[in-house]
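As structure tokens, the structure follows; a few thoughts come after it.
Side chains are part of it too, since the values below use all heavy atoms of this structure and drop only hydrogens, waters and symmetry mates. Here, residue 1 is the first one in the sequence, and each next residue gets the next number. In listed order, ligands and their atoms are each counted from 1. Everything quoted here is computed from the prediction, not taken from an experiment.
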Amino acid sequence: MASAYDAIIIGGGHNGLVTACYLARAKWKVLLLERRPIVGGCAVTEETFPGYKVSTAAYVNSLFSPEIIRDLRLKDYGFELVERNPSSFSPFLDGRSLTLGPDRDSNLREIAKFSKKDAENYPKYEAMLERVATVIEPTLTMTPPNLLKPGIGGAWKMLQLARSFQKLGSGMGEAIEVLTGAARPILDRWFESEELKATLATDAIIGAFSAPSMPGTAYVLFHHVMGETNGKRGVWAYVKGGMGGLTQALAKAGKDLGVDIRTDADVGKILVEKGAAVGVALKNGTEFRASRVASNLDPHQTFEVMLDKQWLPADFREAIARIDYSSAALKINLALSEPPRFTACPGSGVGPQHHGTMHFVPDQDYIEHAYDDAKYGVPSKNPVIECTMPSSVDPTVAPAGKHVMSMFVQYAPYKLKEGHWDQVKETFADRCVDIVNQYAPNFKSSVIARQVLSPLDLERLLNLTGGNIFQGSMALNQLFISRPVVGHTDYRTPVKGLYLCGAAAHPGGGVMGIAGANAAREMLKR
Ligand SMILES: Cc1cc2nc3c(=O)[nH]c(=O)nc-3n(C[C@H](O)[C@H](O)[C@H](O)COP(=O)(O)OP(=O)(O)OC[C@H]3O[C@@H](n4cnc5c(N)ncnc54)[C@H](O)[C@@H]3O)c2cc1C
């Protein structure tokens, strides 16, 4: 039977949508199958509470590729970024606060409230991270070399990378530390104020089941100097109308390019004949055929759930089984009757303190203790919380005068030593609300409604193994030359015609779209 489609994409996360759009732009006939009633995966907007537009999972855009925005004309389809200025606000219980953002002079004034020396060092620290970012940023859009069979192309890529590191001169050692080391010793060396270090350290642990004292956490520090919003480097943004504004724009672009998008289409099996992918079967038995299949799902779902193991070599299966999905992230979505009134920043109504990410972490030890609980399978007694209130800059997401808030919480270990997440999650969420209430005494009474997504809920809702928000941890041993596994970094798999196109592949998690674009580029090479 002739294939009805040139390619089938399993999963309509933002990466799957990007792959579908690029293939359709190259005149391929593409079918995209999404399990949920809406496309978008982790990047969706849902009216969880009537009248409120909630970004169910991901809540802030950092690195979505400007090139993809241009290529797919996403602005024509309603995609709009709303800048966050300032980008971060950390209140403290002694009544002080630290506000950081794109205005460098204001940052220095704010940091000097805690330490003049830190204010002097901050621009140098940022410059150091920017230097590292200039080396790393070009690798994001690269197909990583296959270390097992580098060939001339792979050897050339490694040489190029070595050359760009060389350009760092004596800064190379520092760059290697940022790429491989722990955040805490780096922050301790640069700064003396715990308030500043705690604010910066929370960035280093986002989505990681690690404490800032653990190797691998420094890698995330430079993410805040990468990327751009509306041409401005390092500025993070909300998507107008919630994160679904991006994926709905991608879906509209895809439809105009001819992509056949089907929702409520739960794929159960990847069909393989003579070692080559030939299509997929839905759980309801419906089959679709194509000579190329790209999975937007994580390696566990793709290779261990959807494929017969006879099609995969034993060493590949072993490598896939070693992937770390450990996770300790929990999300709380809230509808609020009024913005938090911080003791450290009195006054009612919306102010700059609400525009960016609000951190509730007094010092680095607080994060270490929170991690200590979780490593033994206990939800942190004092969790690390960051909140965002996009309605402070985007009135379209909440009824007039009301607000939506995302609360991203760590550490909530997927594997509990005792109890079950369905039983403990509301009590844990109460604790999170209480903590924010210590900083803003009107907070608890302002909560109109809430949705608590435990790591188990994230797994159930989004098919994320272990609730891991990045489709596999972003530890160093699972990045670049080893994402998803060594020898298979070119989006291809041991099954001919089967590709990975999501966060499980390089450059990994986060709403960047780059994995999807890179995968499409490789698929089009045939
Ligand atoms: C709670 C949370 C908060 C986050 N916050 C941020 C943030 O603020 N900023 C940021 O940059 N990143 C954030 N991330 C990470 C980021 O959202 C993800 O790494 C990224 O969106 C993954 O995109 P993807 O397209 O690769 O995969 P996914 O979004 O995981 O998409 C996979 C798609 O496949 C579908 N699917 C699964 N199984 C099947 C099946 N059997 N059949 C058909 N379809 C199926 C899923 O429903 C989903 O739509 C967050 C993630 C989470 C979970």
Side-chain angles (χ1 to χ4, degrees), residues 8-20 31-44 55-64 203 206-207 220 223-224 226-227 236-239 242-244 246-247 250-251 261-270 280-284 288 294-298 300-302 305-306 327 329-333 357 386 388 390 406-410 412 451-455 457-474 500-517 519:
I8 295 171
I9 315 295
I10 310 172
H14 81 286
N15 275 313
L17 288 162
V18 167
T19 305
L31 170 68
L32 182 141
L33 299 167
E34 166 55 43
R35 170 178 174 257
R36 296 199 65 210
I38 49 163
V39 293
C42 299
V44 285
S55 292
T56 308
Y59 49 98
V60 62
N61 174 77
S62 58
L63 300 168
F64 192 79
D203 278 345
I206 288 294
V220 191
H223 270 222
H224 80 274
M226 292 211 293
W236 289 36
Y238 297 118
V239 177
M243 290 302 278
L246 167 65
T247 44
L250 281 166
I261 296 178
R262 305 209 192 167
T263 49
D264 294 306
D266 195 352
V267 176
K269 206 168 167 53
I270 297 168
V280 302
L282 300 188
K283 287 191 179 152
N284 68 12
F288 297 97
S295 170
N296 187 188
L297 277 51
D298 68 36
H300 169 67
Q301 289 298 330
T302 306
V305 177
M306 292 193 179
S327 184
L330 177 143
K331 177 92 193 288
I332 306 174
N333 296 312
T357 303
E386 67 166 54
T388 45
S406 274
M407 210 187 238
F408 189 83
V409 186
Q410 285 177 260
Q451 173 193 37
V452 185
L453 294 169
S454 73
D457 293 324
L458 292 173
E459 181 178 62
R460 288 172 182 149
L461 185 71
L462 297 160
N463 225 359
L464 295 170
T465 301
N468 189 291
I469 72 163
F470 297 136
Q471 294 194 355
S473 122
M474 297 276 280
L500 281 185
C501 68
H506 173 75
V511 183
M512 296 186 258
I514 299 175

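At least one N or O atom of Ala503 sits closer than 3.5 Å to an N or O atom of ligand 1. Of the polar atoms of Phe408, none of the N or O atoms is found under 3.5 Å from an N or O of ligand 1, judged by distance alone. Not one N or O of Phe470 is nearer than 3.5 Å to an N or O of ligand 1, by distance alone. The distance criterion of under 3.5 Å between nitrogen or oxygen atoms is not met by Leu464 with respect to ligand 1.
At the top of the distance list for atom 5 (N) of ligand 1, counting protein heavy atoms only, stands Ala58 CA, 3.2 Å. In this structure, atom 49 (O) of ligand 1 lies nearest to the protein heavy atom Glu34 OE1, 2.6 Å. Taking atom 40 (C) of ligand 1 as the reference point, the nearest protein heavy-atom neighbour is Asp266 OD1, 3.6 Å. When hydrogens are left out, the protein atom nearest atom 15 (C) of ligand 1 is Ile469 O, 3.5 Å; that is the closest non-hydrogen contact. Asn463 ND2, 2.8 Å is the protein heavy atom nearest to atom 38 (N) of ligand 1. Distance from atom 17 (O) of ligand 1 to its nearest protein heavy atom, with residue and atom name: Cys42 CB, 3.2 Å. Nearest non-hydrogen protein atom to atom 16 (C) of ligand 1 is Gly510 N, 3.8 Å. Protein heavy atom nearest atom 27 (O) of ligand 1, with residue, atom name and distance: Gln471 NE2, 3.1 Å.
For the residues Ile514, Leu297, Ile10, Val60, the heavy atom positioned nearest atom 7 (C) of ligand 1 is part of Val60. Between Lys269, His14, Arg35, it is His14 that holds the heavy atom closest to atom 23 (O) of ligand 1. The nearest non-hydrogen atom to atom 34 (O) of ligand 1, considering only Gly11, Gly13, Gly508, comes from Gly11.
Within the listing of ligand 1, atoms 19 (O) sit less than 4.0 angstrom from a heavy atom of Gly509. The distance from ligand 1 to the heavy atoms of Gly41 drops below 4.0 Å at these ligand atoms: 29 (O), 31 (O), 48 (C), 49 (O). Distances below 4.0 Å separate heavy atoms of Leu33 from the following atoms of ligand 1: 43 (C), 44 (N). For ligand 1, the atoms lying closer than 4.0 Å to a non-hydrogen atom of Arg36 are 47 (O). Set against the non-hydrogen atoms of Gly502, the atoms of ligand 1 under 4.0 Å away are 26 (O).
When atom types are taken as modelled, the side chain of Thr357 and the backbone of Glu386 share no donor-acceptor pair closer than 3.5 angstrom. Listed for the Lys283 side chain is no donor-acceptor partner under 3.5 Å among the backbone atoms of Gly268. Side-chain atoms of Glu459 come within 3.5 Å of backbone N or O of Gly466 as a donor-acceptor pair. Side chain of Arg36 to main chain of Gly11: no donor-acceptor pair is present (N/O by atom type, distance under 3.5 Å, no hydrogens or angles). A donor-acceptor pair under 3.5 Å is absent between the side-chain atoms of His14 and the main chain of Thr247, judged by distance alone. In this structure a side-chain-to-backbone donor-acceptor pair under 3.5 Å is missing from Gln301 to Leu464. The backbone N or O of Thr56 lies less than 3.5 Å from a partner atom in the side chain of Asn333, making a donor-acceptor pair. Under a 3.5 Å cut-off, the side chain of Thr388 and the backbone N or O of Pro390 do not form any donor-acceptor pair.
In this structure, the side chains of Ile10 and Met306 come closer than 4.5 Å at one or more pairs of heavy atoms.
Residue contact annotation: Met306 has a non-hydrogen atom under 4.0 Å from ligand 1. Put simply, no part of Phe64 is less than 4.0 Å from ligand 1, judged by heavy atoms.
Taking CG of Leu500 as the reference point, atom CG of Asp298 lies at 9.5 Å (rounded to 0.5 Å). Residue Leu297 holds its CG atom at 11.5 Å from CD1 of Ile9, rounded to the nearest 0.5 Å. Put simply, CG on Leu458 and CD1 on Ile469 are 8.5 Å apart, with the number rounded to the nearest 0.5 Å.
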Kindly determine whether Ile270 and Thr302 satisfy side-chain contact (heavy atoms from CB on, under 4.5 Å), including the steps that lead there.
CA-CA 8 Å; Ile270 297 168; Thr302 306; 4.1 Å; yes
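Listed by chain and residue number, Asn15, Gln471, Cys501 satisfy the side-chain contact (heavy atoms from CB on, under 4.5 Å) test with Asn296 (two or more places apart in sequence, or in another chain).
Within the 4.0 Å heavy-atom criterion, the part of Ala265 lying near ligand 1 is the backbone and not the side chain.
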